[in-house]
Amino acid sequence: MNVADLPKNEHVLIEASGEGRGYYAWSITGFPKRAPKAERRNVNIECVYYDEKGNVLNMSQPINHGSIIQVVLHIKPSMTVNSLAVNYLLPSGFEIENPRLDDGVRDNSGYGVMSDIRDDRLVLFFDRLSSD
């Protein structure tokens, strides 16, 4: 059954008859018609982009292909937060240089912080992050 075929503003009733048990599964996929409203719930995250020389980049200007950009995330909770996951999605066309792929480079994650580096995102996991 297509979602478009469902009755509008009505309940859906599934009936079965006979002996035995009946099972059903319901899945809906899609995307919102409008972008969700940005929210900050007790954690403020700011992102600053720098060029190779340490100058702040104006992200409204074109960036040359092959440029190396440093991204600094400032994560500031308004209260102590436990078990926080931060998922930073990269802008289109950006790619993370993963230091774990180079021989001899060690992971520099601090105690209580784990990172998962992907091609298009950085995921940080904090055991505890305080507002201090």
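This structure is a prediction, so every number in the text was calculated from the model and none was measured.
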Just how far is it from atom CZ of Arg121 to atom CG of Leu90, taken to the nearest 0.5 Å?
8.5 Å

Under the side chain to side chain donor-acceptor pair (under 3.5 Å) rule, collect the residues that match up with Asn87, sequence neighbours excluded.
none

Fellow cluster residues of Ile68, listed by chain then number, with links counted only when side-chain atoms sit under 4.5 Å apart
none

Nearest non-hydrogen partners of Pro77 and Ser131, listed with the distance
O-CB, 3.3 Å

Just verifying a value: how many Å separate Phe126 CZ and Ser83 OG, rounded to the nearest 0.5 Å?
12.0 Å

Determine whether Tyr88 and Val71 satisfy the following criterion, side-chain contact (heavy atoms from CB on, under 4.5 Å), listing intermediate values before the conclusion.
CA-CA 10 Å; Tyr88 174 69; Val71 179; 3.9 Å; yes

Is Ile63 reachable from Leu89 through a run of hydrophobic residues whose side-chain heavy atoms are each under 4.5 Å from the next?
no

If a pair satisfies side-chain hydrogen bond (donor to acceptor under 3.5 Å, both in side chains) and one of its residues is in residues 10-24, list it, with sequence neighbours excluded.
none

Contacts of Arg118 meeting salt bridge (Lys or Arg N to Asp or Glu O under 4.0 Å) (sequence neighbours excluded), chain-then-number -> Asp116

May I ask you to decide if the ring planes of Tyr49 and Phe94 are parallel, tilted or perpendicular, using 30° and 60° as cut-offs?
perpendicular

Ser78 versus Asn44: any side-chain heavy-atom pair under 4.5 Å?
no

Could you tell me which non-hydrogen atom of Lys53 sits nearest to which non-hydrogen atom of Asp51, and how far apart they are?
N-OD1, 2.9 Å

Remaining members of the apolar cluster that contains Tyr50, side-chain heavy atoms under 4.5 Å
Val48, Val56, Val72

Minimum heavy-atom distance Asn82-Arg128, with the two atoms named
OD1-CG, 3.4 Å

Could you grab the distance from atom NZ of Lys76 to atom CG of Leu129, nearest 0.5 Å is fine?
12.0 Å

Results of side chain to side chain donor-acceptor pair (under 3.5 Å) for Ser67 - residues two or more places apart only:
none

What distance separates Leu124 CG from Ile117 CD1, expressed to the nearest 0.5 Å?
8.5 Å

